[in-house]
Q: 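I'd like to ask some things about the structure below.
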Number of protein chains: 2
Amino acid sequence: MSDLLERLRGRGWRVTSQRRVVAEVLDGDHVHLTAEEVHARAAERLPEISRATVYNTLGEMVSLGEVMEVSTDGRAKRYDPNAHHPHQHLVCSACGIIRDVHPSGDPLANLPQEERFGFTVSQVEVTYRGVCAACA
Amino acid sequence: MSDLLERLRGRGWRVTSQRRVVAEVLDGDHVHLTAEEVHARAAERLPEISRATVYNTLGEMVSLGEVMEVSTDGRAKRYDPNAHHPHQHLVCSACGIIRDVHPSGDPLANLPQEERFGFTVSQVEVTYRGVCAACA
DNA sequence: TCCTACGATGGACAGAGTCCAGGTCAAGAA
DNA sequence: TTCTTGACCTGGACTCTGTCCATCGTAGGA
């Protein structure tokens, strides 16, 4: 994730200890964290980091396209650092675990012109739902 | 929507004036309302109806499969009475308007077995995003 | 090393939704 | 029709998620 910090620095970002810690948390193998979870993990390394800073930093990373926002339930948004590799999500309805998946074909191509109602369609999000092996 | 009330009665639902009003509101042509909007419209006809009742009634209709819950932004969930006709959603990123759309093919079929990770996949939600003609 | 504008803080606030104790009423029974 | 009762409704407090803002701190250039 030092890559990420380098890219952000290249975009004029001031690199602070708070931003570094948030970036490191997202770089772990526990992806799809909520903002609250990111804050909790960041606070393990930098106890005085504030919620507002975590929200700001995540929001900035999202608007720079470095992190994806995912909301698979009606609850808290989750943050997915895998933003540079197009993918969709598979969610377990029982335990809520989220996996990145790669459907075949281009989902955008499945929407015929007469179903676009004059929209300029630019993006598709697909969420598959089911029950994972552990919950079944 | 008297159909809906009849189906609910058949499932042992007690038909109260509150539930009737909520069902009538969802039957209007202004679909994809938030719970707050449903409450506001219901209160026009039944001023003393409470927020809790609207939330409860919507939740019950969802769990009975009579209404679909849609969350296209990170904000309030929206309620779609068109639950008996499979469809997906097209959302304008500018004004937030939501249209029901019908992609070709079966979106479930696009997820290969090796991308299912042992899940029993039963459902797909597809959200197309773009800019509508009025906002372009 | 010093400056200063950008960033962090924390506490108040807002929006969406849930919970609960107590009062009300739909619908079946008599 | 009236009675009975358990399902339903109410209003208000509460939780969770996220935003805002005034003030303070500091990264990084001069």
Side-chain angles (χ1 to χ4, degrees), chain A residues 2 4-6 8-25 32-64 66-80 96, chain B residues 2 5-25 32-43 45-64 67-80 96:
Chain A
S2 57
L4 171 54
L5 284 177
E6 282 315 310
L8 294 174
R9 196 195 302 272
R11 299 201 200 200
W13 246 39
R14 188 177 285 186
V15 174
T16 66
S17 55
Q18 290 85 353
R19 287 173 168 181
R20 186 188 313 277
V21 165
V22 170
E24 285 169 5
V25 166
H32 303 123
L33 299 175
T34 65
E36 237 18 272
E37 288 164 350
V38 171
H39 179 234
R41 289 176 190 226
E44 289 171 6
R45 311 189 197 185
L46 194 66
E48 66 278 18
I49 192 172
S50 73
R51 277 187 347 123
T53 296
V54 171
Y55 275 104
N56 287 340
T57 305
L58 290 172
E60 288 155 0
M61 288 178 174
V62 168
S63 61
L64 291 178
E66 298 288 348
V67 167
M68 270 179 62
E69 223 170 48
V70 183
S71 53
T72 53
D73 53 4
R75 322 281 307 179
K77 290 174 192 163
R78 293 177 175 277
Y79 293 88
D80 184 344
Chain B
S2 57
L5 283 176
E6 282 315 312
R7 284 200 301 275
L8 294 174
R9 196 194 303 272
R11 298 200 200 200
W13 247 39
R14 188 177 284 186
V15 175
T16 66
S17 54
Q18 290 85 352
R19 288 173 167 180
R20 186 188 312 277
V21 165
V22 169
E24 285 170 3
V25 165
H32 303 122
L33 299 175
T34 65
E36 237 20 272
E37 288 164 350
V38 172
H39 179 234
R41 290 178 190 224
R45 311 189 197 184
L46 194 66
E48 66 278 19
I49 193 172
S50 73
R51 276 187 349 122
T53 296
V54 171
Y55 275 105
N56 287 341
T57 305
L58 290 172
E60 289 154 1
M61 287 177 175
V62 168
S63 61
L64 291 179
V67 167
M68 271 178 62
E69 222 170 49
V70 183
S71 52
T72 52
D73 53 6
R75 322 281 306 178
K77 291 175 191 161
R78 294 178 173 276
Y79 293 88
D80 183 344

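Chain identifiers are assigned alphabetically (A, B, ...) following the order of the sequence lines, protein sequences preceding nucleic acid strands; residue numbering begins at 1 within each chain. Below, each value reflects all heavy atoms present in this structure, side chains not excepted, and no hydrogens, waters or symmetry copies.
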Q: Measuring from B/Trp13:CH2 to B/Met61:CE, what's the distance to the nearest 0.5 Å?
A: 4.5 Å
Q: For B/Glu69 and C/dA16, give me the distance from atom CD to atom P, rounded to whole Å.
A: 14 Å
Q: Answer yes or no: does a side-chain N or O of A/Thr16 lie under 4.0 Å from OP1 or OP2 of C/dA8?
A: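 Affirmative; the distance criterion is met.
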Q: Select from B/Gly74 and B/Arg14 the residue whose nearest nucleotide in DNA chain D is closer to the 5' end of that strand.
A: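 So the residue in question is B/Arg14.
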Q: Can you tell me the distance, in whole Å, between the NE2 atom of B/His39 and the P atom of C/dA16?
A: 14 Å
Q: What is the first contacted nucleotide of DNA chain D and what is the last, in 5' to 3' order, if contact means an atom lying under 4.0 angstrom from a heavy atom of chain B?
A: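 Boundary nucleotides touching chain B, in 5' to 3' order, are D/dG6 to D/dG11.
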Q: Output the distance between atom OH (B/Tyr79) and atom CE (B/Met68), rounded to the nearest 0.5 Å.
A: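 Here the interatomic distance stands at 12.0 Å.
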Q: Within residues 49-63 of chain B, find the residues that approach DNA chain D with a heavy atom at under 4.0 Å, and present them sorted by residue number.
A: B/Ile49, B/Ser50, B/Ala52, B/Thr53
Q: Using five pairs at each end of the helix from C/dT1-D/dA30 to C/dA30-D/dT1 to define an axis, what is the angle between those two axes, to 10°?
A: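 Roughly 30°, once rounded to the nearest ten degrees.
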Q: A/Arg9 has an atom CZ; how far is it from atom P of C/dG7, in whole Å?
A: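 The distance from CZ of A/Arg9 to P of C/dG7 comes to 13 Å, rounded to the nearest Å.
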Q: Going by the rule ring-ring contact (aromatic ring centres under 6.0 Å, His included), which residues pair with A/His32 if we only count those two or more places apart in sequence or in a different chain?
A: A/His89
Q: Distance check, rounded to the nearest 0.5 Å: A/Ser71 atom OG versus B/Arg75 atom CZ?
A: 12.0 Å
Q: Which pairs of donor and acceptor atoms, one on a side chain in residues 44-51 of chain A, lie under 3.5 Å apart (sequence neighbours left out)?
A:
from    : atom 1 : to      : atom 2 : distance (Å)
A/Arg45 : NH1    : A/Glu24 : OE1    : 2.8
A/Ser50 : OG     : A/Thr53 : N      : 3.2
A/Ser50 : OG     : A/Thr53 : OG1    : 3.0
A/Arg51 : NH1    : A/Glu36 : OE2    : 3.3

Q: Just the rounded figure in Å: distance from P of C/dA26 to CG of B/Leu8.
A: 17 Å
Q: Taking for each residue the nucleotide of DNA chain C with the nearest heavy atom, is it B/Ser17 or B/Arg75 whose nucleotide lies nearer the 5' end?
A: B/Arg75
Q: Toward the 5' end of DNA chain C, which comes first, B/Trp13 or B/Arg78, by nearest nucleotide?
A: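 Closer to the 5' end of DNA chain C: B/Arg78.
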Q: The criterion is side-chain contact (heavy atoms from CB on, under 4.5 Å); which residues satisfy it with A/Thr16, sequence neighbours excluded?
A: A/Arg14, A/Gln18, A/Arg19
Q: Take A/Val22 and A/Val38, measure what side-chain contact (heavy atoms from CB on, under 4.5 Å) needs, and give me the verdict at the end.
A: CA-CA 7 Å; A/Val22 170; A/Val38 171; 4.2 Å; yes
Q: In terms of side-chain geometry, is the basic nitrogen of A/Arg11 or A/Glu66 positioned less than 4.0 Å from the acidic oxygen of its partner?
A: yes
Q: Between A/Ala35 and A/Val54, which heavy-atom pair has the shortest distance, and what is it?
A: O-CG1, 3.8 Å
Q: Please determine which of A/Leu8, A/Leu4, A/Val15 meets the side chain to side chain contact (heavy atoms under 4.5 Å, CB included) test together with A/Arg20.
A: A/Val15
Q: How long is the span from the CG atom in A/Leu33 to the NE2 atom in A/His39, to the nearest 0.5 Å?
A: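 The distance works out to 13.5 Å.
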